[in-house]
Amino acid sequence: MDMDLVDDLELLDDYDDLEFDRFGVAAGDTSRQNKNKHYTTSAAEYRNGKDMQGIPWERLHYSRDDYRGRRLNEYMNYESLFRSHELLDSECKQVDKKGTFYDFCFNTRLARSTVVHFQLRDLVWATSKHDVYMAQNYSVMHWSSLLQKGEEVLNAIDNVFPKQYVDQPGVAFCTSVTEDDDNITNTVDLYESPNGSTRVIAGNNDCVVRVFDTERFRLLSHFTFPWSVNDTSVSPDGKLVAVLGDSSDCLIADLQSGKEIASLKGHLDYSFSSAWHPDGRVLATGNQDTTCRLWDVRNLSRSLAVLRGRIGAVRGLRFSSDGRFLAAAEAADFVHVYDARAGYSREQEIDIFGEVAGVSFSPDAEALFVGVADRTYGSLIEFRRRHRYEYLDSYL
């Protein structure tokens with residue numbers, strides 16, 4: 001399961017130098033600006049042969065292809081339920097992997113997430129094509145791709161108190177989700193209810209999904225399920241909620257009443273990620289059985305398609321805002337970008353090294369960000385959407 005590149009590659013850099021100024025670079029500091037350049041890879045450098053992540057393969061005793069083969073053979077995917085995968089291959093969709101929808105733009109090792117719990121990877125959020133937030137230890141960090149500078153926006157250590165307003169910039173309210181300190185809050189998300197109000201939904205190891213009002217910070221509802229809840233996602237119309245947890249089955253429930261509407265069967269292990277297509281007709285679920293299943297809400301008796309990963313659990317799923325693409329992040333090394341318009345039969349496979357902390361499209365779908373959590377080569381990788389302007393050919 002968790003394999004740091006520092007365990008396999010030679011330690012070529014002084015790790016302590018990475019964390020200067022909480023991954024920021026002081027203005028006017030030439031030496032640090034040089035470090036900034038050393039720990040980044042631009043699109044031009046990549047086109048000229050530099051490794052996307054800055055890994056100096058020429059100084060190692062094996063090539064990138066050799067190391068990829070080793071990872072494919074040796075990576076151990078974590079499983080909670082040991083069930084046969086013998087029939088899984090016959091279910092999986094045959095996909096053309098030659099698509100290129102997003103081009104590499106920039107990689108920085110000055111911004112990176114840290115994975116605290118190996119099964120929870122939704123740690124990267126883009127609020128614009130220039131602004132990315134990520135979880136780092138007990139902090140929430142902001143990275144500006146325009147300024148190429150990061151800053152801490154929230155430090156949560158020792159600042160969580162039950163039901164208390166917080167006198168801290170950017171924080172309105174802080175609460176403990178459950179009274180049991182041994183339970184983990186596995187998922188938190190914002191959504192817009194049918195009446196237009198903004199609400200928070202949280203899933204916990206205590207088997208409860210809770211919904212909070214963001215205006216008065218009240219607990220509006222709580223629904224109990226038969227297993228620990230690992231992930232929730234609300235449909236675009238705010239009426240349905242997908243609930244995934246320590247079960248091979250996934251549930252769709254009415255968000256007003258908590259009543260189960262459908263049980264989705266097909267996965268072989270526990271699920272940790274889900275995402276709704278913006279049109280609300282398709283739900284994607286990611287599982288430790290290394291697959292992503294797509295479900296048509298008009299016929300939930302069986303999955304619409306099964307998309308297979310390369311080496312590990314599918315722990316992150318995001319649709320682009322225009323519904324054109326689905327990004328599926330494995331636990332390590334691979335992010336798959338599927339073309340929904342082509343029926344998910346074409347994909348771009350992003351091949352990297354390291355644990356994937358999260359993946360996020362920008363709200364305009366023009367950028368895709370991938371967080372890599374690794375002690376030496378942890379970074380934030382930025383991709384930009386490729387556009388084809390065929391109408392310009394008439395001017396040539």
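For clarity, every value in this text was computed on a predicted model and none was experimentally measured.
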Could you give me the CA-CA distance, side-chain angles and deciding distance for Glu79 and Asn77, then say whether side-chain contact (heavy atoms from CB on, under 4.5 Å) is met?
CA-CA 6 Å; Glu79 296 178 297; Asn77 179 48; 4.1 Å; yes
Could you check whether Arg318 makes a cation-pi contact with Phe361, meaning its NZ or CZ is under 6.0 Å from the centre of the six-membered ring and within 45° of the ring axis?
no
Of all heavy-atom pairs between [X] and [Y], which one has the smallest distance, and what is that distance?
{"X": "Gln53", "Y": "Ile381", "answer": "CG-CD1, 4.3 Å"}
{"X": "Val200", "Y": "Leu190", "answer": "CG2-CD2, 3.4 Å"}
{"X": "Arg121", "Y": "Val356", "answer": "NH1-O, 2.9 Å"}
{"X": "Thr285", "Y": "Leu317", "answer": "C-CD1, 3.5 Å"}
{"X": "Pro194", "Y": "Asp237", "answer": "CG-O, 3.7 Å"}
{"X": "Thr41", "Y": "Gly54", "answer": "OG1-N, 3.8 Å"}

Please assess Val314 against Thr291 for the test side-chain contact (heavy atoms from CB on, under 4.5 Å), listing each intermediate value before the final yes or no.
CA-CA 6 Å; Val314 177; Thr291 70; 5.7 Å; no
Apply the test side-chain contact (heavy atoms from CB on, under 4.5 Å) to residues Gln148 and Thr108: give CA-CA distance (whole Å), side-chain angles for both, the deciding distance (0.1 Å), then the verdict.
CA-CA 9 Å; Gln148 301 205 353; Thr108 177; over 6 Å; no
With rounding to the nearest 0.5 angstrom, report the OG to CG distance, Ser235 to Asp279.
11.5 Å
Report the distance from atom CD of Gln119 to atom CG of Asp231, rounding to the nearest 0.5 Å.
12.5 Å
Does a side-chain N-to-carboxylate-O contact under 4.0 Å join [X] and [Y]?
{"X": "Asp322", "Y": "Arg385", "result": "yes"}
{"X": "Glu91", "Y": "Arg293", "result": "yes"}
{"X": "Arg384", "Y": "Glu382", "result": "yes"}
{"X": "Glu366", "Y": "Lys129", "result": "no"}
{"X": "Arg64", "Y": "Asp51", "result": "yes"}
{"X": "Arg218", "Y": "Asp213", "result": "yes"}
{"X": "Arg199", "Y": "Glu192", "result": "no"}

Compare all side-chain heavy atoms of [X] with those of [Y] and state whether any distance is below 4.5 angstrom.
{"X": "Glu347", "Y": "Asp96", "answer": "no"}
{"X": "Leu123", "Y": "Met134", "answer": "no"}
{"X": "Tyr133", "Y": "Thr127", "answer": "yes"}
{"X": "Arg112", "Y": "Met141", "answer": "no"}
{"X": "Val243", "Y": "Trp227", "answer": "yes"}
{"X": "Arg315", "Y": "Phe118", "answer": "yes"}
{"X": "Leu283", "Y": "Trp276", "answer": "yes"}
{"X": "Val124", "Y": "Val132", "answer": "yes"}

Would Arg47 and Glu45 satisfy salt bridge (charged side-chain N to carboxylate O under 4.0 Å, His left out), going step by step from the backbone distance to the final call?
CA-CA 5 Å; Arg47 287 193 298 268; Glu45 290 173 320; over 6 Å; no
Picking from Arg310, Lys97, Gln348, Glu330, what satisfies side-chain hydrogen bond (donor to acceptor under 3.5 Å, both in side chains) with His336?
Glu330
What is the ring orientation for [X] with [Y], classed by angle as parallel under 30°, tilted 30 to 60°, or perpendicular over 60°?
{"X": "His267", "Y": "Trp295", "value": "perpendicular"}
{"X": "Phe319", "Y": "Tyr344", "value": "perpendicular"}
{"X": "Tyr102", "Y": "Phe325", "value": "perpendicular"}

Run the ring-centre check on Trp57 versus Phe353 and record whether the distance is less than 6.0 Å.
yes
Under 3.5 Å side-chain donor-acceptor pair for [X] and [Y]:
{"X": "Glu152", "Y": "His142", "answer": "no"}
{"X": "Asn186", "Y": "Asn205", "answer": "yes"}
{"X": "Asn195", "Y": "Ser197", "answer": "yes"}
{"X": "Asp364", "Y": "Ser362", "answer": "yes"}
{"X": "Thr290", "Y": "Arg308", "answer": "yes"}
{"X": "Asn230", "Y": "Asp246", "answer": "yes"}

Taking a hydrophobic cluster as the set of Ile, Leu, Val, Met, Phe, Trp and Tyr residues connected by side-chain heavy atoms closer than 4.5 Å, whether directly or through intermediates, do [X] and [Y] fall within one such cluster?
{"X": "Ile352", "Y": "Phe106", "answer": "no"}
{"X": "Val234", "Y": "Phe225", "answer": "yes"}
{"X": "Leu380", "Y": "Ile350", "answer": "no"}
{"X": "Val359", "Y": "Phe101", "answer": "yes"}
{"X": "Tyr191", "Y": "Phe212", "answer": "no"}

[atom1]/[X]: more than 12 non-hydrogen atoms of other groups inside 6.0 Å:
{"X": "Lys259", "atom1": "NZ", "result": "no"}
{"X": "Glu58", "atom1": "CD", "result": "yes"}
{"X": "Tyr46", "atom1": "OH", "result": "no"}

Please check: side-chain N/O of [X] versus main-chain N/O of [Y], any donor-acceptor pairing under 3.5 Å?
{"X": "Ser248", "Y": "Tyr270", "answer": "no"}
{"X": "Gln288", "Y": "Ser271", "answer": "no"}
{"X": "Asp66", "Y": "Tyr62", "answer": "no"}
{"X": "Ser360", "Y": "Ala126", "answer": "yes"}
{"X": "Ser321", "Y": "Pro363", "answer": "yes"}

Verdict with reasoning, Ser274 to Leu244, per side-chain contact (heavy atoms from CB on, under 4.5 Å):
CA-CA 8 Å; Ser274 63; Leu244 298 74; 3.6 Å; yes
Where do Arg324 and Asp339 land on the salt bridge (charged side-chain N to carboxylate O under 4.0 Å, His left out) test, with the steps shown first?
CA-CA 6 Å; Arg324 174 70 188 276; Asp339 186 350; 2.8 Å; yes
Going through the distances and angles, do Asp296 and Arg302 end up as a salt bridge (charged side-chain N to carboxylate O under 4.0 Å, His left out)?
CA-CA 9 Å; Asp296 188 331; Arg302 59 177 298 174; over 6 Å; no
Show the numbers, then the answer: is there a salt bridge (charged side-chain N to carboxylate O under 4.0 Å, His left out) between Asp351 and Arg68?
CA-CA 9 Å; Asp351 181 338; Arg68 169 52 65 214; 2.6 Å; yes
